[in-house]
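Data first, discussion second: the structure below is written as structure tokens.
Side chains included, hydrogens not; waters and symmetry mates left out as well; all remaining heavy atoms used.
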Amino acid sequence: MKSDFLSIAYHEMGTKLALIREGIAIVLGKMAGPINKKQQNFLNIAERNVDKLTKLINNVYTFQELASGKIKFDMRENDISEIVKEVQRTTAPLAEKKELDFVVRLDDGLPGAVFDSSLIARVITNITGNAIKFTEKGSIEIAAGHKNGSIHVSIQDTGCGVRKEALPLLFREFENIGKGSAAKTSTTGLELAISRKIIEAHGGKILAESEFGKGTTIKFTLPVEPRGLKSAGLHGSPVS
């Protein structure tokens with residue numbers, strides 16, 4: 001019943017939010033007539049909040065789909081280097097806006113590994129986005145290497161950091177990542193909870209290391225050869 005309710009709510013709210021956003025865009029574009037600067041500011045605020053709510057609804061739906069095993073994994077041999085480079089290209093503008101250095105370090109000769117490229121890209125994007133969000137100065141670094149039959153990926157920042165006692169909360173759903181940190185901003189925590197489910201379903205591991213006030217590193221591993229999708233009854237399509 002919960003799964004059915006969330007599915008219906010997701011589609012209904014998604015449709016309504018899309019209509020609201022379209023209406024705001026029409027007014028902002030002055031297609032319905034001229035607007036003054038004060039009206040434009042209020043509309044911009046409304047637009048940003050619609051986007052945030054849309055992202056939250058999408059994350060809740062994705063988390064539920066992962067938990068219920070409804071998401072089909074497209075397991076193919078992929079190059080983790082290309083995934084990392086693509087994430088850097090898409091998130092670099094966010095880092096540049098905050099004048100953060102953005103570094104990528106890739107070991108030579110990284111082997112191909114079997115995983116769902118879109119989902120692993122989402123994991124790296126989620127973690128990198130959070131790193132940028134909670135870093136006001138310094139740098140973001142994504143590194144990838146190969147050891148003991150697994151791909152190792154780490155995302156390191158020089159941000160606010162997290163207190164030791166709060167670290168176990170990072171990968172729990174609906175935990176506030178700002179809780180127990182020096183952050184001035186917060187998030188629902190669903191991005192990291194979704195990332196954990198995706199990595200564990202691939203047979204990998206994910207963990208966080210942090211020093212309060214100095215930064216956080218999140219690391220995960222992916223087996224080069226899949227050992228079957230794990231946890232929450234997830235199933236994947238055959239390896240091509």
Original post:
Which pair of heavy atoms, one from Ile199 and one from Thr221, lies closest together, and at what distance?
Top reply: CG2-O, 3.8 Å
Subject >> By salt bridge (charged side-chain N to carboxylate O under 4.0 Å, His left out) - contacts of Asp107 (at least two apart) >> reply: none
Original post:
Is Asp116 reaching over with its side chain to a backbone N or O of Ser118, donor-acceptor style, under 3.5 angstrom?
Top reply: yes
Original post:
Among pairs that include at least one residue of residues 153-162, which meet side-chain hydrogen bond (donor to acceptor under 3.5 Å, both in side chains), considering only residues two or more places apart or in two chains?
Top reply: none
**OP:** Grab the two heavy atoms, one from Gly145 and one from Leu110, that are nearest each other, plus how far apart they are.
**Re:** C-CD2, 3.4 Å
Original post:
Where do Phe102 and Ala95 come nearest, in terms of heavy atoms and distance?
Top reply: CD1-CB, 3.8 Å
Original post:
Of all residues at least two apart in sequence or in a different chain, which pass the side-chain hydrogen bond (donor to acceptor under 3.5 Å, both in side chains) check with Thr90?
Top reply: none
Original post:
Ser117 versus Asp74: any side-chain heavy-atom pair under 4.5 Å?
Top reply: no
Subject >> Single-linkage hydrophobic cluster Val104~Leu100, side-chain heavy atoms < 4.5 angstrom >> reply: yes
**OP:** Tell me, please, which residues at least two apart from Lys205 pass salt bridge (charged side-chain N to carboxylate O under 4.0 Å, His left out).
**Re:** none
Original post:
Looking only at heavy atoms, which two atoms of Glu191 and Asn126 are closest? And how far apart?
Top reply: O-ND2, 3.5 Å
Subject >> Sequence-distant partners of Lys16, salt bridge (charged side-chain N to carboxylate O under 4.0 Å, His left out), two or more places apart >> reply: Glu12
Original post:
Of all residues at least two apart in sequence or in a different chain, which pass the side-chain hydrogen bond (donor to acceptor under 3.5 Å, both in side chains) check with Ser210?
Top reply: Thr216
**OP:** Could you tell me which residues satisfy salt bridge (charged side-chain N to carboxylate O under 4.0 Å, His left out) with Arg105, sequence neighbours excluded, listed by chain and number?
**Re:** Glu141
**OP:** List for me each residue that meets side-chain hydrogen bond (donor to acceptor under 3.5 Å, both in side chains) alongside Ser139, sequence neighbours excluded, and say none if there are none.
**Re:** none
Original post:
What are the two closest non-hydrogen atoms of Ala131 and Ile155, and how far apart are they?
Top reply: CB-CG2, 4.2 Å
**OP:** Give the other cluster members for Ile26, using side-chain heavy-atom distances under 4.5 Å between Ile, Leu, Val, Met, Phe, Trp and Tyr residues; answer none if it is isolated.
**Re:** Met31
Subject >> Over 12 non-hydrogen atoms of neighbours within 6.0 angstrom of CG in Asn36 >> reply: yes
Original post:
Under the criterion side-chain contact (heavy atoms from CB on, under 4.5 Å), which of Ile124, Leu106, Val224 is the partner of Ile80?
Top reply: Ile124
Subject >> With sequence neighbours excluded, residues passing side-chain hydrogen bond (donor to acceptor under 3.5 Å, both in side chains) with Asn44 >> reply: none
Subject >> Closest heavy-atom pair and its distance - Phe171, Arg196 >> reply: O-NE, 3.1 Å
Subject >> Pairwise salt bridge (Lys or Arg N to Asp or Glu O under 4.0 Å) hits with a residue in residues 85-94, at least two apart >> reply: Glu82-Lys85, Glu86-Arg89
**OP:** Could you note down all residue pairs passing salt bridge (Lys or Arg N to Asp or Glu O under 4.0 Å) where residues 93-104 supplies at least one of them, sequence neighbours left out?
**Re:** Lys98-Glu136
